[in-house]
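Input: a single structure, listed below in structure tokens.
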Amino acid sequence: MASRFNPLQADARWQQVWEEAGTFRASDDSNRPKAYILEMFPYPSGRIHVGHARNYTMGDVLARYRRMKGFEVLHPMGWDAFGMPAENAAMERNVHPGQWTWSNITTMKAQLKRLGFALDWSRELATCDPAYYGHEQALFLDLYEAELVYRKQSEVNWDPVDMTVLANEQVIDGRGWRSGALVERRKLDQWFLKITDFADELLDGLAALDQWPDKVRLMQENWIGKSRGMKFRFELCAPAQAGAQANAGPADGLLLSQEHKSIEVFTTRPDTIFGSSFVAVSPDHPLAVTLAQDQPEVAAFIAECKQGGTTAAELETQEKKGFDTGLEVLHPLDPEWRLPVFIANFVLMDYGTGAIFGVPGHDQRDFEFATKYRLPILRVVAASAEEADRAVEGEAENGDGVIVNSRFLDGLGVEEAKAQVIRRAEAEGWGEGTTVWRLRDWGVSRQRYWGTPIPIIHCDGCGAVPVPREQLPVKLPEDVSFDVPGNPLERHPTWKHVACPSCGGEARRETDTLDTFVDSSWYFIRFASQPADRPFDKAAAERWLPVDQYIGGVEHAILHLLYARFWTRALQRLGRLDVAEPFAGLFTQGMVTHETYRSADGRWVAPDEIEVGAGGLIERATGAPVQRGRIEKMSKSKRNVVDSDAIADQYGADAARWFLLSDSPPERDLEWSDAGIEGAWRFVQRLWRIATGPTH
RNA sequence: GCCCCUGUGGCGGAAUUGGUAGACGCGCUCGACUCAAAAUCGAGUUCCGCAAGGAGUGCCCGUUCGAGUCGGGCCAGGGGCACCA
């Protein structure tokens, strides 16, 4: 008997046995109870590193455990294969994104097999395969027919040099990350999915997800952002005789037009209605736009507001700016009370109604604004009735208290006063209680090549026409090049020129592709059932779904998980799948981190290029000293990635997996270390000795 | 700014409901084996102290016979959201 465990032989032997026996293949018609275990499928970026390995090891252990407990286990693997890195690679090394992607898949699949995971490879899929994305196009058309898809103008970050749209994270200090050109905000027609139709369901559904981390549920709750409040209208009136005569002309004209008789605002604090001292509209508000047509100074102010970036940091430091339109509105509860109307840079068009009423005493932004433009700061909430006359100083007070200086509301608590005002507004017809959401519809258009083509044809006569189902999949053309800036689909000589399916006339294909989050919004259904002629079979998919345990990084806590939940509910509404929630259990695992190293000239140096020299760490190739840096998440750019093959070859799959699971609790970060894997290796050896046993 | 999470040895971390703090592992130290090393086996390992003894779960206060655990107030680190009305 060998005196030591040889993982290279053992790994290979067992992996071959499992492969030949189809041990981990899930049967659709087993009568055992089912268990669907899924890890978030990887993007085929190049190679598997130990961070991937940790994620899949967790699922693997669970899958094997359930299997041993008598469950029929579905534990599949696939590839989230569309996305920008493939296009970047295409530009950098002049390879086709598809070729780059498929070659990465081959490599990474071999690496996963080397780790011996209990995966059902017979269900492997890649989202960049027409056999996958063709079905996605069909599902998109289903949603389109159900009127859950629409088209509207939306702003994008446009890089004028690369002639491409940039994601927010590709805009660095207002410049394109690749070209360095100043990014412009441009309006394009784009496709949207009506996720807001499901806002209530998606929020309520969270309560039932008791096997999800509270943290993730909370993040989704905040993201959906339900606010109860009141919408109400301020009637516009002619400006006061004194003061604003300069603007009298245009304003009078406005009064006559039907659309601008009143300004509708939204508030979560109707109780402070007697504390208002101004009304402000967004620079994008229709009223502002109308005023700009006649008044150059309004147009100039709006242009000024549009300068500058949209990043959080810039917005934070931006000064509150307003433009007095000279218009006035009537207070709904006092016809004698007139309030000035401003255009203000801090009012957002896409939240609420795009207009607010300012209560400087009890809202910090309004306070700053009122201070700057010398508007009254009224107190309407106080700690007690006795403090009604105390001035609000220094900053706005948004605490609880008792209503003061508010006529019929005096003495009420904040919540009672809210209800009282809403009741009165509804009775008198100038406003109503309402709910506003932070969640916006999901913009799915991407002006990129390497994604699922949106199956729509644009005809000058017929408008947007769905591609007939029998013509699906709309395949990406292969003969494209990336040596010129812009979207290759846009400039391809023939691809976009097609006949209109409706009238037969000349028409153009949609050249936008779908956001890759669409691809990952239903792959777990396709894993459960993959007929060739349709996206999935209802009964077969329902046998496996929901996923019993989903495992992945917390970085997907909001977008991916929310989109997948939406997509599943949309399919349910269409009667395609009777499942409300795709993931019954969710586990968010910690990251794998590693020390970083830098050379004297600031280059990142990979761990395997380093050794301990006389005076500390040195770079092996050059002997130059190396600085130990911070411990960070493994990433290619910082060169602190540990490849799974190197570890598997040196220590075997078991030691690697043992270390990845045992060193840190799974939900926390794990710091990869040589000492740690060495220890795990010795542990595996000890276990083997105990199991095989000395005979003496 | 708002919301949330986490602070325990050199390290990862244990400690059902408030009841022997530091399980288990890593690392380290010493010893055995060996010509020697690696591997392996054994012992030790919170800190201060030769010892007796004392201190100790981020800090301060409180509740309790008893607090890592419960309450209040801080500090530090991390995460999410954000001119959201």
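Residue numbers start from 1 in every chain, and the chains themselves are labelled A, B, ... in the order their sequence lines are given, proteins ahead of strands.
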- [ ] Measure from the side chain of A/W223, starting at C-beta and using heavy atoms only, and say which of B/C81, B/A85, B/G13 lies closest.
- [x] B/C81

Open item on the list: Please report whether the ring centroid of A/F659 lies less than 6.0 Å from that of A/Y651.
Closed with: no

TODO: Between B/A82 and B/G73, how far apart are the C1' atoms? Round to whole Å, please.
DONE: 27 Å

Task: Face-on cation placement of A/K152 at A/F192 ring, 6.0 Å and 45° thresholds - done: yes

- [ ] May I ask you to say what A/L348 touches in the nucleic acid, namely base, sugar-phosphate or nothing, with a heavy-atom cut-off under 4.0 Å?
- [x] base

Open item on the list: Applying a 4.0 Å non-hydrogen cut-off, can you work out what A/S662 is touching in the nucleic acid: base, sugar-phosphate, or nothing?
Closed with: nothing

- [ ] Could you state the atom-to-atom distance from CZ of A/R438 to C1' of B/G80 in whole Å?
- [x] 10 Å

Open item on the list: Suppose you measure atom P in B/G56 against the same atom in B/A67; what distance do you get, rounded to whole Å?
Closed with: 11 Å

TODO: Check whether any side-chain nitrogen or oxygen of A/R686 sits under 4.0 Å from OP1 or OP2 of B/U40, and answer yes or no.
DONE: no

Open item on the list: So, OP1 or OP2 of B/C84: does either fall under 4.0 Å of a side-chain N or O from A/R365?
Closed with: yes

- [ ] When you get a sec, tell me which of B/C3, B/A85, B/C81 is the closest nucleotide to the side chain of A/S227?
- [x] B/A85

Task: A/R682 side chain, from C-beta outward: closest of B/G27, B/A14, B/C83 - done: B/G27

TODO: Measure the distance from CZ on A/F659 to P on B/G27 and round it to the nearest whole Å.
DONE: 11 Å

TODO: Give one of base, sugar-phosphate or nothing for A/V436, where a contact means two heavy atoms less than 4.0 Å apart.
DONE: nothing

TODO: Quick one: look up who B/A39 pairs with, Watson-Crick or G-U, both distances under 3.5 Å, and put none if it's unpaired.
DONE: none

Task: G-U wobble or Watson-Crick pairing nucleotide for B/G53 (cut-off 3.5 Å, both distances) - done: B/C48

TODO: Write down the distance between CG (A/N222) and P (B/C2), rounded to a whole number of angstrom.
DONE: 14 Å

Task: Pairing nucleotide - B/U17, Watson-Crick or G-U, each distance under 3.5 Å - done: none

Task: Under 3.5 Å on both distances, the Watson-Crick or G-U partner of B/A67 - done: none

- [ ] Report the relative orientation of the aromatic rings in A/F566 and A/F198; use parallel for angles under 30°, tilted for 30 to 60°, perpendicular for over 60°.
- [x] perpendicular

Task: Selection from B/C83, B/A85, B/C81 that lies nearest to any side-chain heavy atom of A/K320 - done: B/C83

TODO: Only one of A/R233, A/K231, A/R424 passes salt bridge (charged side-chain N to carboxylate O under 4.0 Å, His left out) with A/E432; say which it is.
DONE: A/R233

TODO: Write down the partner of B/C26 under the Watson-Crick or G-U wobble criteria, each distance required to be under 3.5 Å.
DONE: B/G10

- [ ] Please measure how far the C1' atom in B/U63 lies from the corresponding atom in B/U69, and state the result in whole Å.
- [x] 14 Å

Open item on the list: Pairing donors with acceptors under 3.5 angstrom, does anything connect the side chains of A/D515 and A/Y563?
Closed with: no

Task: Nucleotide forming a Watson-Crick or wobble pair with B/A82, both distances under 3.5 Å - done: none

- [ ] For the pair A/F274 and A/H331, name the ring-plane relationship: parallel under 30°, tilted 30 to 60°, perpendicular over 60°.
- [x] parallel

TODO: Write down the distance separating the P atoms in B/G22 and B/C47, rounded off to the nearest Å.
DONE: 13 Å

TODO: Using a heavy-atom cut-off of under 4.0 Å over every strand shown, decide if A/R440 touches base, sugar-phosphate, or nothing.
DONE: base

- [ ] Could you tell me whether the side chain of A/T325 reaches within less than 4.5 Å of the side chain of A/V281, counting heavy atoms only?
- [x] no

TODO: Check the distance between B/A85's P and A/F357's CZ and give it to me in whole angstrom.
DONE: 12 Å

- [ ] Would you mind telling me which residue lines up with the more 5' stretch of RNA chain B, A/M219 or A/D669, judged by nearest nucleotide?
- [x] A/D669

- [ ] Please state the P separation for the pair B/A15 and B/U29 - nearest whole angstrom.
- [x] 30 Å

Open item on the list: Please report the distance separating the P of B/G12 from the corresponding atom of B/G80, rounded so that it comes out in whole Å.
Closed with: 22 Å

Task: Between C1' of B/A85 and CG of A/N345, the distance in whole Å - done: 14 Å

Open item on the list: Whole angstroms only, please: what is the CD-C1' distance between A/Q685 and B/C41?
Closed with: 15 Å

Open item on the list: Would B/G9 be called syn or anti here, given the cut-off of 90° from 0?
Closed with: syn

TODO: Could you work out the separation of B/C74 and B/G13 based on their P atoms and round it to a whole Å?
DONE: 28 Å

Open item on the list: Work out how far the P atom of B/G9 is from that of B/C59, and round it to whole angstrom.
Closed with: 10 Å

Open item on the list: Whole angstroms only, please: what is the CD-C1' distance between A/E671 and B/G25?
Closed with: 16 Å

Task: For A/F357, the option from A/F342, A/W337, A/F232, A/F369 that meets ring-ring contact (aromatic ring centres under 6.0 Å, His included) - done: A/F232

Task: Distance in angstrom units between A/K215 NZ and B/U6 P, rounded - done: 10 Å

